[in-house]
Amino acid sequence: MIDMVSGPGTTFAELLRRHRSAAGLTQRELARRAGLSTTAVRDLEQRRTWRPTERSVSRLCAALQLGPRPAAALRRAAASGTDRTSTKDRPAPGGRPVVSILGPLRIQRGTEAVDLTSARQRALLARLAMSPGRTVGRADLLKVLWEGEQPESAVNLLHTYVARLRRLLDPVPAGRAATSTLVHAPGGYRLDLDEDQLDLLRFQRLVREATEAGVPARAVARLADALALWRDDPLGDVDMLAGHPAVASLTAWLTLAALRYADLLDERGDYATVVNALRPIAARCPLDEQVHARFILALGATGRQSEAYAEYNGIVRRLADQLGADPGTELRQYHQRLLRQQWTGSRRVTAWAEFRVVVPVPSQAPAPVADFTGRADELRRLGEALVPSAGSVARPSSRVCVVAGPAGMGKTALALVAAERLEAAFPDGQLYADLRGGSTRPATTGEVLTRFLLGLGVTDGRVPGDEESAAALLRSLLAARRVLIVLDDARDAAQVRPLLPGRGGSRMLVTSRNRLVTLEGARRLDLTTLGTQEALDLLAESVPSKRSGGGDRAALAVVSACGHLPLALRIVGLRLATRPHDTLTDLSRRLADPDRRLDELRVGDLDLRAAFRSSVERLPAATARTFRLLAVAPGPLPGLEAVAALLDRPVAVVDEELHQLVDAGLLPVAGPGQIRLPELLRSYGRELAQCQESVGERAAAIARLAAWRDALALRLTRAGIRNVAQRTPSWRSVDAEVRRVAEAGGREVPHTGSGVLAIGRQAG
């Protein structure tokens with residue numbers, strides 16, 4: 001039997017290490033003998049865990065076969081927390097930071113405590129630590145730091161807080177480079193910590209090992225180590241995070257781990273340990289029926305009957321006073337076991353399937369653009385569709401809402417702003433994926449499902465290999481959560497359908513150039529161009545006042561040339577920013593030329609022509625030709641017959657192709673006499689026609705339209721309608737276009753043909 005007495009001030013870690021070495025045991029061997037994890041023993045010896053539980057110390061004493069005196073000394077060292085307070089052999093500052101959030105916020109470097117006196121710095125660190133290794137959006141951080149209206153300097157202040165916090169976390173010695181723990185990431189910031197630096201990550205790993213343990217005793221040991229990390233209410237001293245959904249979820253995960261731990265001990269009849277484990281949790285969760293049910297039974301089983309009845313009466317009274325509710329079925333069942341003193345027998349054991357792997361609330365959606373302008377009505381409609389207001393007489397919220405519109409219409413910007421504003425309505429987080437529908441390599445269902453499942457805490461090895469099983473698991477995980485799924489740039493309904501949430505409170509917001517008409521139960525918001533004032537406001541956000549020479553007239557000219565299209569207006573702003581001597585007047589002159597307009601609307605990787613190209617390339621060949629010839633038409637076409645004449649195609653076929661253009665976002669929905677491409681799309685279509693349609697083909701199309709006009713004029717004249725040409729000014733444009741195309745081709749324009757004659761007979 002080993003008997004080793006320590007001197008005063010000796011730390012628990014030192015004593016444990018000496019006793020283990022004297023016993024000739026490795027950390028792994030000691031952990032196995034004591035029923036603890038190797039990591040738990042290592043943390044104790046390396047002073048990452050300061051106050052081990054009484055139960056863990058007793059197990060270590062037994063495993064080391066300590067006599068009464070050394071065992072008492074080891075217990076005193078554990079109880080006094082000398083690892084935390086002793087200055088003996090304390091390493092110099094400069095080690096890696098260690099952050100603890102499963103209780104009051106605590107940060108150390110080595111064994112030196114790092115003092116954070118600023119409330120906003122503490123809140124910033126705490127929010128980042130709840131999402132280790134994940135980017136937390138700037139908007140999320142600003143909302144944490146400033147409740148309600150933010151000051152104009154909020155973004156600059158955030159940068160300042162980040163810089164100060166980075167210096168505290170990563171002081172770089174002179175002449176030495178260091179990798180920062182707090183890093184800037186697209187749209188926000190990320191805190192890169194490993195398991196040795198963050199108690200939440202250790203808790204996650206221990207719970208994961210417990211869920212995967214095939215032996216109940218091993219699961220009990222892992223959960224005991226995990227719960228030993230729970231010091232108090234998570235981040236209870238960070239007032240700015242009071243009520244934050246991520247903190248509430250973290251508390252719920254900790255509580256669920258304790259419930260599973262209690263159920264496993266209940267199976268073994270170890271009620272004394274259940275009492276010790278659940279007493280502090282019952283005090284923190286006065287209305288949690290599951291916690292109090294197990295606590296009451298454990299009190300009774302350990303001979304504290306009067307305390308058990310008092311606890312039961314207390315929660316019944318609190319439920320009635322605070323919630324107006326009666327005890328639930330499970331609490332009543334445990335009360336019956338207490339009355340019958342039924343300590344063994346039928347039990348409800350928390351199933352592993354109920355235990356969610358502990359992860360922070362996902363926040364995957366990027367931050368919206370800073371200069372977002374307008375769209376107030378669209379934002380209101382999206383909010384009402386996804387989260388109807390109380391007392392609303394409208395339809396119930398839709399499981400999925402589709403924002404559809406042409407390329408460059410601002411669909412993504414609108415969706416991200418809506419997601420940010422709806423954050424409070426979805427406390428379990430947001431999932432986001434760019435489906436790349438406009439690219440040559442759209443995202444696959446499998447890769448998006450994997451991304452979402454990992455974001456919801458499923459470990460990599462447990463993601464199902466087949467898409468059907470993965471989709472079913474996603475629906476199961478979402479059923480008990482309120483998560484907003486944002487899918488950007490969907491190609492078609494088939495790409496979206498496997499990702500839809502099932503029953504429950506989760507919702508989906510999709511953007512697409514396609515209207516996704518076959519997506520069942522979806523509400524659609526067809527996005528159109530900005531109004532004149534909204535377009536001017538967006539332009540003003542992008543263009544410095546000193547560069548707006550020409551005033552309102554130049555701004556109106558630019559807005560008109562850009563077709564009120566958000567992407568085109570953003571490109572204009574960037575072009576002016578990169579050309580110091582240009583003004584709005586200069587740019588308006590260049591944009592006035594339709595043949596060079598698309599060349600001007602390109603800067604860096606933003607290219608309006610490329611955005612249009614990706615939409616057109618997805619069309620069937622016949623529909624793409626319809627798009628090109630519509631661009632050649634000189635003005636609005638007054639109906640399907642006019643388009644049929646232009647194309648020399650049957651009316652029914654043309655009608656289907658026009659619907660395909662509408663669904664693809666390439667043709668606006670308009671009334672009779674308004675079949676015409678928007679001006680920028682028309683410019684692009686003309687470019688395509690010049691490359692892919694011969695002069696003769698273009699001339700013949702215009703000639704067919706002219707012949708149809710003549711036949712219609714004849715029919716109207718016979719019906720007694722005069723001055724047809726004056727009533728239809730666009731026909732004069734047809735004549736001009738016929739002459740222009742004929743002259744460009746150096747040939748006579750044919751005015752006859754089977755299609756023209758057929759349409760002429762219909763008109764006559």
Mind checking the [atom1]-[atom2] spacing from [X] to [Y]? Nearest 0.5 Å is all I need.
| X | Y | atom1 | atom2 | value |
| --- | --- | --- | --- | --- |
| L227 | L206 | CG | CG | 9.5 Å |
| Y261 | L256 | OH | CG | 15.5 Å |
| D266 | L297 | CG | CG | 6.0 Å |

Taking [Y]'s backbone N and O only, do any of them form a donor-acceptor pair with [X]'s side chain (distance below 3.5 Å, no angle check)?
| X | Y | answer |
| --- | --- | --- |
| R481 | S506 | no |
| Q197 | P97 | yes |
| T302 | L299 | yes |
| D232 | G103 | no |
| R337 | Q333 | no |
| T181 | L193 | no |
| H292 | C285 | yes |
| Q430 | A419 | yes |
| R20 | E29 | no |
| R399 | P501 | yes |

- Task: Show your reasoning for whether salt bridge (Lys or Arg N to Asp or Glu O under 4.0 Å) applies to D199 and R106.
- Result: CA-CA 10 Å; D199 55 354; R106 189 170 64 198; over 6 Å; no

- Task: Go through the steps for L191 and L169 under the test side chain to side chain contact (heavy atoms under 4.5 Å, CB included), then give the verdict.
- Result: CA-CA 10 Å; L191 193 63; L169 293 172; 3.9 Å; yes

For a quick test of reading the model, state the closest non-hydrogen atom pair linking [X] to [Y] and the distance between them.
| X | Y | value |
| --- | --- | --- |
| A262 | L278 | CB-CD1, 3.9 Å |
| L30 | A63 | CD1-CB, 3.9 Å |
| A293 | Y334 | O-CD2, 3.3 Å |
| V144 | L241 | CG1-CD2, 3.8 Å |
| V238 | A123 | CG1-CA, 3.7 Å |
| R294 | V274 | O-CG1, 4.2 Å |

- Query: Should the heavy atoms of other residues, nucleotides or ligands under 6.0 Å from CD of Q305 be counted, would the total exceed 12?
  - Reply: yes

- Task: Can you establish whether the number of heavy atoms outside R33 located under 6.0 Å from its atom CZ is more than 12?
- Result: no

- Item | V220 side chain reached by D270 side chain, heavy atoms, under 4.5 Å | no

- Are the charged groups of D140 and R127 less than 4.0 angstrom apart, N to O? yes

- Note on the structure: Paired with L125, the side chain to side chain contact (heavy atoms under 4.5 Å, CB included) test is passed by just one of L168, L116, L235, namely L116

- Message: Please verify the inter-ring angle class for H335 with Y312; under 30° counts as parallel, over 60° as perpendicular, anything in between as tilted.
- Response: parallel

- Given the options R202, Q204, R205, E195 meets side chain to side chain donor-acceptor pair (under 3.5 Å) only with R205

